[in-house]
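First comes the structure, then the notes that go with it.
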Amino acid sequence: MTLASRSNEPSLATPTRDIRRDWTKEEALALYTAPFNNLLFQAQKVHRKHFDPNKVQLSRLLSIKTGGCPEDCGYCSQSTHHDSGLKASRLMEVERVVAEARKARDAGATRYCMGAAWRSPKDRDMDAVVAMVEGVKALGMETCMTLGMLDSEQAVRLGRAGLDYYNHNIDTSERYYGKVISTHSFADRLETLAHVRQSGIKVCCGGIVGMGEEAIDRVDMLVTLANLPEHPESVPINMLIPIEGTPLAKVDPIDPIAFVRTIALARMMMPKSYVRLSAGRTAMTDEMQALCFFAGANSIFVGDTLLTADNPGEDHDARLFRRLGIQAMEHGEP
Ligand code: SAM
Ligand code: DTB
Ligand code: SF4
């Protein structure tokens with residue numbers, strides 16, 4: 001290979017100003033479509049500048065209120081619009097949530113993420129969710145909640161309770177959003193994110209890859225996230241888990257290389273954020289996950305279940321980490 005044949009590729013020099021909020025679609029697409037080795041090399045360089053490349057943060061999920069959701073998100077097992085066969089349940093008791101969190105902490109998780117299948121919380125539910133935040137924080141864990149849309153008062157209340165993170169995904173590009181969800185809009189999602197940010201809670205926001213979208217939708221989604229007033233501290237990248245009975249059950253699976261490219265682009269565009277390799281790991285080979293970690297993913301969900309779907313168990317993940325020489329991040333690292 002001659003030097004000239006490298007000239008049309010993105011620069012291999014480490015970018016000097018890598019925390020940016022002025023990304024254009026064109027430059028993001030150029031990175032996304034660069035030769036795979038160049039993209040991964042760049043992403044790994046950015047990753048090493050801000051993180052220990054051999055440490056991965058462990059989060060644990062609990063569904064505190066399952067099913068019966070009035071929204072029509074095309075991928076979701078918990079929507080009343082689709083027949084996934086899931087049994088709906090009421091909001092869990094605070095004591096049970098705290099007991100489950102204690103088990104997760106003892107198994108090595110440092111962040112506890114509680115999810116509810118709501119369009120938005122009802123005011124009558126707020127006392128219980130605030131008590132959950134306080135109870136889990138008292139165990140020394142970071143807390144995260146994902147409860148749907150929040151108004152500014154609800155966000156302030158959760159912030160005062162000490163909630164560390166709020167998860168609210170934009171899920172895909174603005175263009176593709178309406179093809180997947182009709183009961184709320186992309187603008188609604190951004191509004192909740194602004195309320196969360198204003199209340200001083202850290203933002204966890206990402207999306208789903210493999211919903212039949214095009215490469216440009218993945219790029220656009222990351223451009224939206226990277227150009228927010230502040231980068232989300234945590235960026236979950238989910239691979240669609242096809243759920244029987246949902247409109248997206250039969251979508252063609254994403255090319256694994258395209259998935260890894262999405263992770264690498266998220267790492268390059270949001271260098272200091274935790275990029276979480278989220279849903280869909282049971283359908284990934286260990287080698288694909290290894291590539292995702294190399295591309296800059298540095299957080300996963302641990303445990304046998306996510307909210308309603310399967311996740312690789314602790315044994316599988318412990319074996320994978322041993323094979324890769326990866327260690328679990330301690331609380332407060334890096
Ligand atoms: N109701 C809240 C909301 O929509 O924000 C919180 C729960 S919702 C299940 C949280 C996120 O899980 C969604 O935004 C989506 O990114 C992800 N998710 C849900 N079902 C999924 C699936 N089948 N495959 C991959 N990710 C999924
Ligand atoms: C996120 O981005 N992924 C998690 C968490 N945030 C709440 C949820 C994944 C859900 C996967 C499908 C299920 O378990 O039902
Ligand atoms: Fe409801 Fe959230 Fe599922 Fe959408 S993703 S149907 S809002 S639980």
Side-chain angles (χ1 to χ4, degrees), residues 59-89 91 111-121 125 129 143-150 165-172 176-177 180-186 188-193 196 203-213 221 225 232 234-251 253-254 259 266 273-284 297 299-312:
S59 291
R60 179 74 199 234
L61 263 175
L62 177 71
S63 180
I64 58 171
K65 197 271 169 211
T66 306
C69 184
E71 301 304 283
D72 69 350
C73 311
Y75 46 79
C76 188
S77 64
Q78 308 200 65
S79 164
T80 51
H81 297 255
H82 328 308
D83 188 11
S84 68
L86 186 77
K87 197 171 157 283
S89 70
L91 183 62
R111 188 182 307 169
Y112 205 60
C113 181
M114 295 158 267
W118 287 328
R119 171 178 165 86
S120 50
D125 298 316
V129 294
T143 49
C144 176
M145 285 203 150
T146 179
L147 313 172
M149 294 183 276
L150 294 184
Y165 289 84
Y166 195 78
N167 166 249
H168 199 67
N169 292 339
I170 58 168
D171 281 322
T172 187
Y176 202 65
Y177 201 81
V180 180
I181 298 153
S182 77
T183 48
H184 57 259
S185 67
F186 196 76
D188 289 331
R189 299 303 274 188
L190 295 179
E191 191 178 295
T192 290
L193 291 172
V196 170
V203 170
C204 171
C205 184
I208 309 181
V209 176
M211 298 194 291
E213 76 286 346
M221 174 180 88
L225 293 177
S234 185
V235 181
I237 305 292
N238 298 279
M239 186 171 83
L240 177 74
I241 301 179
I243 311 264
E244 218 41 67
T246 64
L248 297 183
K250 303 278 182 260
V251 167
I254 177 102
F259 185 88
S273 305
Y274 283 82
V275 175
R276 182 168 313 114
L277 179 56
S278 300
R281 291 196 301 116
T282 48
M284 296 179 196
S299 173
I300 58 168
F301 286 119
V302 288
D304 295 337
T305 36
L306 293 160
L307 291 172
T308 69
D310 289 346
N311 195 44

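All ligand and atom numbering here is 1-based and tracks the order in the structure.
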Sub-4.5 Å side-chain heavy-atom contact between [X] and [Y]:
X      : Y      : value
Met114 : Thr143 : yes
Tyr177 : His184 : yes
Val129 : Pro121 : no
Leu306 : Asn238 : no
Ser299 : Arg111 : no
Met284 : Leu277 : yes
His168 : Met149 : yes
Thr308 : Thr66  : yes

Give yes if a backbone or side-chain nitrogen or oxygen of [X] is under 3.5 Å from a nitrogen or oxygen of ligand 2, and no if not.
X      : answer
Ala309 : yes
Cys113 : no
Asn238 : yes
Thr308 : yes
Ser278 : no

Enumerate the atoms of ligand 1 whose separation from the nearest heavy atom of [X] is less than 4.0 angstrom.
X      : answer
Met239 : 25 (C)
Asn238 : 16 (O), 25 (C), 26 (N)
Gly148 : 2 (C)

Identity and separation of the nearest protein heavy atom to [atom]:
atom                    : value
atom 12 (O) of ligand 1 : Asn169 ND2, 4.6 Å
atom 23 (N) of ligand 1 : Ile241 O, 3.0 Å
atom 8 (S) of ligand 1  : Leu307 CD1, 4.5 Å
atom 6 (C) of ligand 1  : Thr146 OG1, 3.0 Å
atom 10 (C) of ligand 1 : Asn167 OD1, 4.2 Å
atom 10 (C) of ligand 2 : Leu307 CD1, 4.1 Å
atom 20 (N) of ligand 1 : Tyr75 CD1, 3.3 Å
atom 6 (N) of ligand 2  : Asn167 OD1, 3.3 Å
atom 17 (C) of ligand 1 : Ile208 CD1, 4.2 Å

Quick one: [atom1] on [X] to [atom2] on [Y], what's the gap to the nearest 0.5 Å?
X      : Y      : atom1 : atom2 : result
Leu248 : Ile208 : CG    : CD1   : 8.0 Å
Leu193 : Leu150 : CG    : CG    : 9.5 Å
Asn169 : Thr192 : CG    : OG1   : 12.0 Å
Asn311 : Leu61  : CG    : CG    : 8.0 Å
Leu86  : Glu244 : CG    : CD    : 14.0 Å
Leu147 : Ile64  : CG    : CD1   : 5.5 Å

Check each atom of ligand 2 against the heavy atoms of [X] and keep those under 4.0 Å away; list them by number with element.
X      : result
Thr146 : 7 (C)
Pro236 : 2 (O)
Ser77  : 15 (O)

Who gets closest to [atom] by heavy atom: [options]?
atom                    : options                      : result
atom 25 (C) of ligand 1 : Ser278, Ser79, Ala279, Ser77 : Ala279
atom 3 (C) of ligand 1  : Glu71, His168, Arg189        : Arg189
atom 1 (N) of ligand 1  : Cys76, Cys69, Ala116         : Ala116

| field | Donor on one side chain, acceptor on other, Tyr75 and Asp171, under 3.5 Å | value | yes
| Listed protein N/O/S atoms, distance to atom 4 (Fe) of ligand 3 under 2.8 Å | Cys73 SG
| said: Leu307 vs Phe301, test: side chain to side chain contact (heavy atoms under 4.5 Å, CB included). Steps then yes/no. | reply: CA-CA 11 Å; Leu307 291 172; Phe301 286 119; over 6 Å; no
| task | State if Phe301 counts as touching ligand 2 under the rule of any non-hydrogen atom under 4.0 Å. | result | yes
| field | Ile243, portion touching ligand 2 at heavy-atom distance under 4.0 Å | value | neither
| said: For Ile254 and Leu240: C-alpha separation, side-chain torsions, deciding distance, then whether side chain to side chain contact (heavy atoms under 4.5 Å, CB included) applies. | reply: CA-CA 8 Å; Ile254 177 102; Leu240 177 74; over 6 Å; no
| message | One residue to check: Thr246. Relative to ligand 1, which of side chain, backbone, both or neither has a non-hydrogen atom less than 4.0 Å away? | response | neither
| query | Does the pair Cys76 and Thr246 meet the rule for a side chain to side chain contact (heavy atoms under 4.5 Å, CB included), with working shown? | reply | CA-CA 7 Å; Cys76 188; Thr246 64; 5.9 Å; no
| message | For ligand 1 and Asp171, I'd like to know whether there is a polar contact (N/O to N/O, distance under 3.5 Å). | response | yes
| query | Would His81 and Thr183 count as a side chain to side chain contact (heavy atoms under 4.5 Å, CB included) if you check the C-alpha gap in whole Å, the side-chain angles of each, and the deciding distance to 0.1 Å? | reply | CA-CA 11 Å; His81 297 255; Thr183 48; 4.3 Å; yes
| task | Kindly state if atom 3 (Fe) of ligand 3 has a protein heavy atom within a strict 4.0 Å cut-off, that is, under 4.0 Å? | result | yes
| Just which atoms of ligand 3 are under 4.0 Å from any heavy atom in Tyr75? | 5 (S)
| task | Check Arg276 against Ser59 and note the closest heavy-atom contact, atom names and distance. | result | NH2-OG, 3.7 Å
